[in-house]
Amino acid sequence: MDTLTQGLLGAAAAQALTQKRIGKKALLAGALGGMAADLDVFIYSPSDPMLGVTLHRHFTHALLFIPAGALIVALFLRVFRAYREDWAGVSWACFWGYATHGLLDACTSYGTMLLWPFSTARISWDCVSIVDPVFSGALIAGVVWAQWKRRPRAAVLALLFCLAYLGLGEIQNRRGEAAQREILHARGHEAVKARVMPTLANLVVWRSLYEADGRLWADTIRVPIGSGATYAEGASVTVLRPEGLPPGFLENPALKKDWEKFLWFTEGFVALSGRGDVVGDMRYSSETGGFKPLWGIVIPENPARAKHVGWTF
């Protein structure tokens, strides 16, 4: 999710579990712990655009990395005199804050390597958008109230609300999947792979995406709370296969490796965009039921001499 919300969730967890011990210091310790995993965005190489793409939500977001990540944050806070007092308590606040990060990111559709190094699967539970004002607003209220009134219970209530909200998102996702199965049945399709993903800032409108008959199909599904699901028919586009790449592309070892990384990152939901030289990540589009990708890789003009693919937003 967005970094601010990650910090709020980390702060709420730290307040709920450690505020009675370390007081107001729980807010900053938990917030920094909650945001720290996103420092991986600074792993970047201008000559290799796939490096940053593949390493975001990578090892820093793994469950196994939580103790190490929390320790790094706690050591940083040790620089400040106020946080040296009961440093063990501060460390626990950092731990609980950091522990929330990967789990919340896994609730979105982007994909998070929770089980690294045992698995490189990008886990995506598709139950909340990467930005959701209801979710974030509840955390703001709980964190501010807990800090102002020194009442950890406010943070606990905010966490319970957020947990219930994620549960609602899971229910809505299941309803969206049921609607998607109806779409498949109506078209006589058998999906090779399929996703139903929340759209920005709500749990009512969902993007249905699946592959069938060599094409990707996108539709808009609405699942109003308290009434039946409906859908608006969208568009389809041909899946880009390796044989559709320019001559010499896969013969270049560096480009072949970039292509394999991009397929792993996108789960194979790839197709040529309107530009023609851009392979889009078709999971995300500016049109819920269409194919206007937000980002993708740029095919070099001369694949035989290129060092890497390009990256474009």
Side-chain angles (χ1 to χ4, degrees), residues 1-19 22 24-44 52-53 55-58 60-62 65-66 69-70 72-74 76-77 80 83 90 93-114 123-149 151-152 154-169 197-203 284 294-295 313:
M1 234 172 161
D2 65 279
T3 303
L4 173 61
T5 302
Q6 293 284 8
L8 289 167
L9 182 61
Q15 287 174 326
L17 295 167
T18 67
Q19 191 179 51
I22 64 174
K24 290 190 173 184
K25 290 181 285 188
L27 172 64
L28 181 61
L32 291 179
M35 294 186 290
D38 276 344
L39 289 172
D40 62 5
V41 298
F42 294 105
I43 302 175
Y44 173 76
V53 174
L55 288 185
H56 181 44
R57 295 200 185 186
H58 198 281
T60 61
H61 290 60
F65 193 77
I66 291 172
I72 292 170
V73 178
F76 168 75
L77 287 174
F80 304 98
Y83 288 85
V90 170
C94 296
F95 176 87
W96 294 120
Y98 202 102
T100 64
H101 192 113
L103 291 171
L104 180 57
D105 270 347
C107 290
T108 68
S109 58
Y110 193 77
T112 308
M113 290 179 60
L114 282 182
I123 296 173
S124 311
W125 292 322
D126 296 337
C127 58
V128 72
S129 167
I130 58 169
V131 176
D132 192 303
V134 175
F135 190 92
S136 303
L139 288 172
I140 291 173
V143 167
V144 170
W145 189 260
Q147 190 74 356
W148 181 32
K149 294 294 186 178
R151 292 182 178 177
V156 173
L157 291 175
L159 290 173
L160 290 174
F161 174 87
C162 289
L163 185 61
Y165 192 78
L166 293 174
L168 174 62
M197 297 170 285
T199 56
L200 196 63
N202 74 84
L203 295 180
Y284 305 105
L294 303 182
W295 52 69
F313 288 95

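As the structure is a computational prediction, the values presented were derived from the model and not from experiment.
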A.B. asks: A side-chain contact here means heavy atoms from C-beta on lying under 4.5 Å apart; do I123 and M113 qualify?
C.D. replies: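 With C-beta onward as the side chain, the pair stays apart.
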
A.B. asks: Once salt bridge (charged side-chain N to carboxylate O under 4.0 Å, His left out) is applied, do any residues pair with D126, and if so which ones, sequence neighbours excluded?
C.D. replies: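 Partners of D126 by the salt bridge (charged side-chain N to carboxylate O under 4.0 Å, His left out) criterion, ordered by chain and then number, come out as R195.
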
A.B. asks: Is the shortest heavy-atom distance from the side chain of L159 to the side chain of L9 under 4.5 Å?
C.D. replies: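 A side-chain contact under 4.5 Å exists here.
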
A.B. asks: For T60 versus A37, what's the shortest heavy-atom pair and its separation?
C.D. replies: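 What the structure gives for the nearest pair is OG1-O, 2.9 Å.
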
A.B. asks: Mind checking whether F313 and W295 have parallel, tilted or perpendicular rings, split at 30° and 60°?
C.D. replies: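 It falls in the perpendicular class, over 60°.
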
A.B. asks: On a heavy-atom basis, which atom in G142 and which in Q15 lie closest, and how many Å separate them?
C.D. replies: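 That closest heavy-atom pairing would be O-OE1, 4.3 Å.
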
A.B. asks: With heavy-atom distances below 4.5 Å as the criterion, would you say the side chains of L157 and W145 are in contact?
C.D. replies: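 With C-beta onward as the side chain, the pair stays apart.
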
A.B. asks: How many angstroms lie between OG1 in T18 and CZ in F95, if you round to the nearest 0.5 Å?
C.D. replies: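 One finds 12.5 Å between OG1 of T18 and CZ of F95.
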
A.B. asks: CG of L8 to CG of L27: how many Å apart, nearest 0.5 Å?
C.D. replies: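 One finds 9.0 Å between CG of L8 and CG of L27.
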
A.B. asks: Taking all non-hydrogen atoms of both residues, which atom of A93 and which atom of A14 are closest, and how far apart?
C.D. replies: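 Scanning both residues, the minimum pair turns out to be O-CB, 3.7 Å.
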
A.B. asks: For A29, is there any backbone N or O sitting under 3.5 Å from a side-chain donor or acceptor partner on Y83?
C.D. replies: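 Between the backbone of A29 and the side chain of Y83 there is no qualifying donor-acceptor contact (under 3.5 Å).
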
A.B. asks: If you take all heavy atoms of C94 and V73, which pair is closest and at what distance?
C.D. replies: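 Scanning both residues, the minimum pair turns out to be SG-CG1, 3.7 Å.
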
A.B. asks: Would you give the length of the straight line joining atom CG of L103 to atom CE of M1, rounded to the nearest 0.5 angstrom?
C.D. replies: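 That separation rounds to 13.5 Å.
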
A.B. asks: Please round to the nearest 0.5 Å and tell me the distance separating atom CG of L166 and atom SG of C127.
C.D. replies: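 Here the rounded value is 5.0 Å.
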
A.B. asks: If you look at every heavy atom in L55 and D40, which pair is closest and at what distance?
C.D. replies: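 Smallest heavy-atom distance, with atoms named: O-OD2, 3.4 Å.
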
A.B. asks: State, to 0.1 Å, how close A12 and L139 come at their nearest heavy-atom pair, and which atoms those are.
C.D. replies: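 Shortest heavy-atom separation between A12 and L139 comes out as CB-CD2, 4.1 Å.
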
A.B. asks: When the ring planes of H56 and H61 are compared, do they come out parallel, tilted or perpendicular, using 30° and 60° as the limits?
C.D. replies: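 Rings of H56 and H61: perpendicular, over 60°.
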
A.B. asks: With rounding to the nearest 0.5 Å, note down the distance linking CG in L163 to CZ in F161.
C.D. replies: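 So the CG of L163 and the CZ of F161 are separated by 11.0 Å.
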
A.B. asks: Please round to the nearest 0.5 Å and tell me the distance separating atom CG of D2 and atom OG of S136.
C.D. replies: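 Nearest 0.5 Å value for the CG-OG distance: 5.0 Å.
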
A.B. asks: Do L203 and Y165 have side chains that approach each other closer than 4.5 Å (heavy atoms only, starting at C-beta)?
C.D. replies: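 Side chain of L203 against side chain of Y165, heavy atoms only: contact under 4.5 Å found.
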
A.B. asks: Does D132 form a side-chain hydrogen bond (donor to acceptor under 3.5 Å, both in side chains) with S129? I'd like the steps, not just the answer.
C.D. replies: CA-CA 6 Å; D132 192 303; S129 167; 5.9 Å; no

A.B. asks: Check whether more than 12 heavy atoms from other residues, nucleotides or ligands sit under 6.0 Å from atom CD1 of I130, and answer yes or no.
C.D. replies: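 For I130, atom CD1 is not crowded (no more than 12 foreign heavy atoms under 6.0 Å).
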
A.B. asks: For residues Q147 and K24, determine if any side-chain heavy atom of one lies less than 4.5 Å from a side-chain heavy atom of the other.
C.D. replies: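 Side chain of Q147 against side chain of K24, heavy atoms only: contact under 4.5 Å found.
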
A.B. asks: Is the F80 ring parallel, tilted or perpendicular to the F76 ring (thresholds 30°, 60°)?
C.D. replies: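 Perpendicular, since the angle between the ring planes exceeds 60°.
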
